[in-house]
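Here is the structure we will look at.
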Amino acid sequence: MTDPDGYDDSFDDPFQPIGTRAESAPAPVRPQGGIAARAMAARRAPDYLTGLNPEQRLAVETTEGPVLVLAGAGTGKTRVLTTRIAHILATGLARPSEILAVTFTNKASREMKERIAGFVGGNVEGMAWLGTFHSICVKILRKHAELVGLKSSFSILDTDDQIRLIKQIIQAEGLDDKRWTAKAFAGMLDGWKNRALGPKDIPEGEARAFANGKGRKLYEEYQERLSILNAADFGDLLLHVITLFKTQPDVLKEYQRRFRYMLVDEYQDTNIAQYLWLRLLAQGNPNVCCVGDDDQSIYGWRGAEVDNILRFEHDFKGATVIRLERNYRSTSHILAAASHLIAFNEGRLGKTLFTDFEEPDHDLVSVASVWDSEEEARTIGDEIETLQSRGHSLNEMAVLVRASFQMREFEDRFVTLGLNYRVIGGPRFYERMEIRDAMAYFRCVAQPADDLAFERIVNTPKRGLGDATLKLVHGVARAERIPLMQAASQLIDTEELKPKPRNALKSVLDNFERWRRQLDQMKHTELAEIILDESGYTEMWRQDRSAEAPGRLDNLKELIRSMDEFESMAGFLEHISLVMDRDSADATDAVSIMTLHSAKGLEFDTVFLPGWEEGLFPHQRALDESGRAGLEEERRLAYVGITRAKKRAKLYFASNRRIHGLWQSTVPSRFLDELPPDHVEIAEASSSYGGYGGGGYGPSRFDSHDPFDKGSYSTPGWQRAQRAKQSSSGFSDGGGRGYQSARQKRQGPLTIEGELVAKSVSDTPSQFSLGERVFHIKFGYGAIKSIEGNKLTIDFEKAGVKKVIDSFVERH
DNA sequence: ACCGAAAAAGTTTTT
DNA sequence: CTTTTTCGGT
């Protein structure tokens, strides 16, 4: 791309439309459905359309007006999106630079680019407006920065910079930064910005909730600081563009005119700000196509507004809604399980997935009970080995957990088994300490006014420049209104500093000056190496004898290697703030371990789903904090998990789990009871199972290990779903008394029609006394050493000292 | 200014 | 039980 902002791109489109467009003609405006257009499309019977089913084809060919494509899991969503773009290009309806295609992640936009390239023959450079919400906003903002009070060279703060900045503001305000943490405020800020609320717009209640009513003031101050630093945080990228569009009608018109067709991926994940952004653009042009699945909305907790997709028809008048329900991924059992489960949710647009993929020998969805997380890992490890020995590739297997702490147990087990695995997710490459440090050095060289970067590395490695010195520098900087580095160099010339810090500071500044001079003279990768070397940074890690140190050095090498792809240091820094995920394109065969959240969009032949227990999944916190909505989001997460499986879905629940160091008994997840019995098998009981089911709580049909007993299937929720499902035929299952009466007796978490009312841990004082001899199903006999509420510390005769919950032991 | 010990907290994640 | 962050002593 010759033009860096891709905006004033000339008409040298790399795509040659299949249509009859004259070479020098301006963009054709053709009435959709016009005879010529249809003839044009028909003439070639383009091969890109031939493999589509009727709904997919409709979604591709309905180019005019608002379109909502409800694409269930595995129904070819990405295919529709990319084919639609290819179709618009091929029929000459728009040029590549006139299509806006928005995704959430860089990964998604990269994939889309690749797939469009497949259609159009390699060159997708013309698709200047295919990218994430944020990258597109940056592109717009760089062009019009002055109109919203920024300079075009503004820098983008990442989460870490943001937190440190907030911390400074909180301290400057004289607040206790322990009582009012920067992290907490960052969370509130995020919430506000997700809803497109500026300092003046935030609700009074929320403004008061933080720091004795200083919330609004802090927000204002934070924005002020950002503008002084000529910086924007991630939320600002969107908000500034919204402001720009609202205050500059001519600019808005320009973009409305430019974007003839707009596409949004994963629409169920959009927040309010993103919605408003889209609405502004769509005002001038109704050709908006949003693709999403309300049943896969799992990011409500970070601001995603399911309402956006639920209200689409209302918001975009005359919208065509197309449902993609034919699933190309999973067996009928897996689909039945997922569909039955998700039917328990109320607020949904409703889709029913179906498939032709039906063979008598398909595995049922399996549910297995295990004693504890250790046995869970052992069982899954064994099953993986069995599958592997039958010739299944490890790449086609995944363990999907609810929370990351569950991963360790599997890693441990797989290590002892010598099973190859990879963990997906976790800290991103660019979030690692060493990468951020190195980046801060580069930023200081390339952007001398980058205070946050300077602060980060001024004393890394240790140079004897602590708080005291830094405070002085800060004081000068604030008084003179100059960047920290400039302030530091002034300070050196005075006598205010003691000789030791003074020399240290001087040597740091001298270094930066030297590096800056070398910036234009040598290759940026070479300079980067020199910087890390001469600053003593690499040496610092070489001295470090901790286990991670070698890995960190490797990461630094990797960082330098990745810089090679960029033209210059500045070019590298420009891109890095928005795009830098490590491409772990690992060729080795390995089982994947990841959270359910990071599994969205992926698929595997076999999916292992451990930890289906109340409190963990659905997670207690989701229930406590968001009630019904929280439960429904958890259920969607379960739906996402099951639908990742192509051939085999295997679910597990443990009767006992160690949470925060103490053993707790657990109840099988209500989601297990929401699965359709005909498509589920209860897996064989494990040998080590002691016959102690459910930890003394109410029964679940999964307490039974008799493979012939599929349980009663009569929980209230199950009946409700049955009624919903069969309401057309008037059929209703009348059973269920047995379970209900048992449920009323149980002492565990109290639920009323799926809504949790009591907390998980009982607050009644323990009925045990010190020194008492007790029996525990796992650890055997022991004596009570101490009691804290319902937590007992017990010295077991065989197992040693353990902490357990009192409901776990009985008097003896 | 730096290091070690104690205390606190401990879903989910992208840009 | 772990990991991370903070506090206090040297």
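Quick note on labels: first sequence line is chain A, next is B, and so on, each numbered from 1.
- Heavy-atom nearest nucleotides on DNA chain B were determined for Thr469(A) and for Arg621(A), and the one closer to the 5' end corresponds to Thr469(A).
- In this structure, Leu400(A) places its CG atom 19 Å from P of dT11(B), rounding to the nearest Å.
- Between Asp269(A) and Ser297(A), the shortest heavy-atom contact is OD1-CA, 4.3 Å.
- Judged by Watson-Crick or G-U wobble contacts below 3.5 Å, the nucleotide dT15(B) has no partner.
- Taking atom NE2 on His619(A) and atom C1' on dT11(B), their separation rounds to 4 Å, with Å as the unit.
- Summarising the geometry, the separation between NE2 on His597(A) and C1' on dT15(B) is reported as 16 Å, rounded to the nearest angstrom.
- Atom-to-atom, CZ of Phe104(A) to P of dT13(B) comes out at 16 Å; the value is rounded to the nearest Å.
- Taken to the nearest 0.5 Å, the CG atom of Leu130(A) stands 7.0 Å off from the CD1 atom of Ile136(A).
- For the residue pair Asp437(A) / Tyr537(A), a side-chain donor-acceptor distance below 3.5 Å is found, with atom types taken as modelled.
- Atom CG of Asn194(A) and atom P of dT13(B) are 17 Å apart (whole Å).
- Every residue two or more places apart in sequence or in another chain was checked for a ring pair (Phe, Tyr, Trp, His ring centres under 6.0 Å) with Tyr222(A), and none qualifies.
- Once you apply a 4.0 Å limit to the heavy atoms of chain A, the touched nucleotides of DNA chain C run 5' to 3' over dC1(C) to dC7(C).
- Ring centers of Tyr299(A) and Trp301(A): under 6.0 Å apart, within the cut-off.
- Glu613(A) and Ser669(A) are not linked by any side-chain donor-acceptor pair at a separation below 3.5 angstrom, with hydrogens and angles left out of the test.
- Both distances falling under 3.5 Å, in either a Watson-Crick or a G-U wobble arrangement, place dC2(B) opposite dG9(C).
- One atom, CD1 of Ile298(A), and another, P of dT12(B), lie 13 Å apart when rounded to the nearest Å.
- Between Phe104(A) and the choices Thr132(A), Thr270(A), Asp265(A), the side chain to side chain contact (heavy atoms under 4.5 Å, CB included) rule is met once, by Thr270(A).
- Between the side chains of Asn271(A) and Asn194(A), at least one donor N or O sits under 3.5 Å from an acceptor N or O.
- Between Ser598(A) and the phosphate of dT13(B), there is a side-chain N or O to OP1/OP2 separation shorter than 4.0 Å.
- Between His660(A) and Leu237(A), the residue anchored nearer the 5' end of DNA chain B, judged by the nucleotide with its closest heavy atom, is His660(A).
- Nucleic acid contact class of Thr181(A) (heavy atoms, under 4.0 Å, all strands): none.
- At the heavy-atom level, Lys471(A) lies nowhere under 4.0 Å from the strands shown.
- Residue Glu634(A) is in base contact, counting any heavy-atom pair closer than 4.0 Å across all strands shown.
- Salt bridge present: Arg436(A) and Asp158(A) bring a charged side-chain N and a carboxylate O closer than 4.0 Å.
- Here the nucleotide nearest the side chain of Thr105(A), chosen from dT15(B), dT13(B), dT12(B), is dT15(B).
- Salt-bridge check for Arg502(A) with Glu496(A): failed, with every basic side-chain N at 4.0 Å or more from each acidic carboxylate O.
- Residue Arg408(A) is in sugar-phosphate contact alone, with no base atom involved, counting any heavy-atom pair closer than 4.0 Å across all strands shown.
- Glu266(A) places its CD atom 12 Å from the P atom of dT15(B), with the value rounded to the nearest Å.
- With centroids closer than 5.5 Å and planes inclined by less than 30 degrees as the test, Trp301(A) and the base of dT12(B) pass as a stacked pair.
- Across the C1' atoms, dT6(C) and dT11(B) are found 24 Å apart, a figure rounded to whole Å.
- When heavy atoms are screened at a 4.0 angstrom cut-off, Asp269(A) is found touching no nucleic acid atom at all.
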Practice problem: Determine, step by step, whether Phe617(A) and Trp612(A) satisfy the ring pair (Phe, Tyr, Trp, His ring centres under 6.0 Å) criterion, reporting the C-alpha distance in whole Å, the side-chain angles of both residues, the deciding distance to 0.1 Å, and the verdict. | Solution: CA-CA 5 Å; Phe617(A) 192 32; Trp612(A) 284 47; 5.0 Å; yes

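- Nucleic acid contact class of Phe133(A) (heavy atoms, under 4.0 Å, all strands): none.
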At a cut-off of 3.5 Å, list every protein nitrogen or oxygen paired with a nitrogen or oxygen from nucleotides 2-9 of chain B, distance to 0.1 Å.
residue : atom : partner   : partner atom : Å
dC2(B)  : OP1  : Gly464(A) : N            : 3.2
dC2(B)  : OP2  : Asn459(A) : ND2          : 3.2

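- Among the heavy atoms of the strands lying under 4.0 Å from Ala622(A) is at least one base atom, whether or not backbone atoms are also near.
- Rounded to whole angstrom, the span from the CE atom of Met407(A) across to the C1' atom of dT11(B) amounts to 11 Å.
- The shortest distance between the side-chain N/O atoms of Thr159(A) and the OP1/OP2 oxygens of dT15(B) is not below 4.0 Å.
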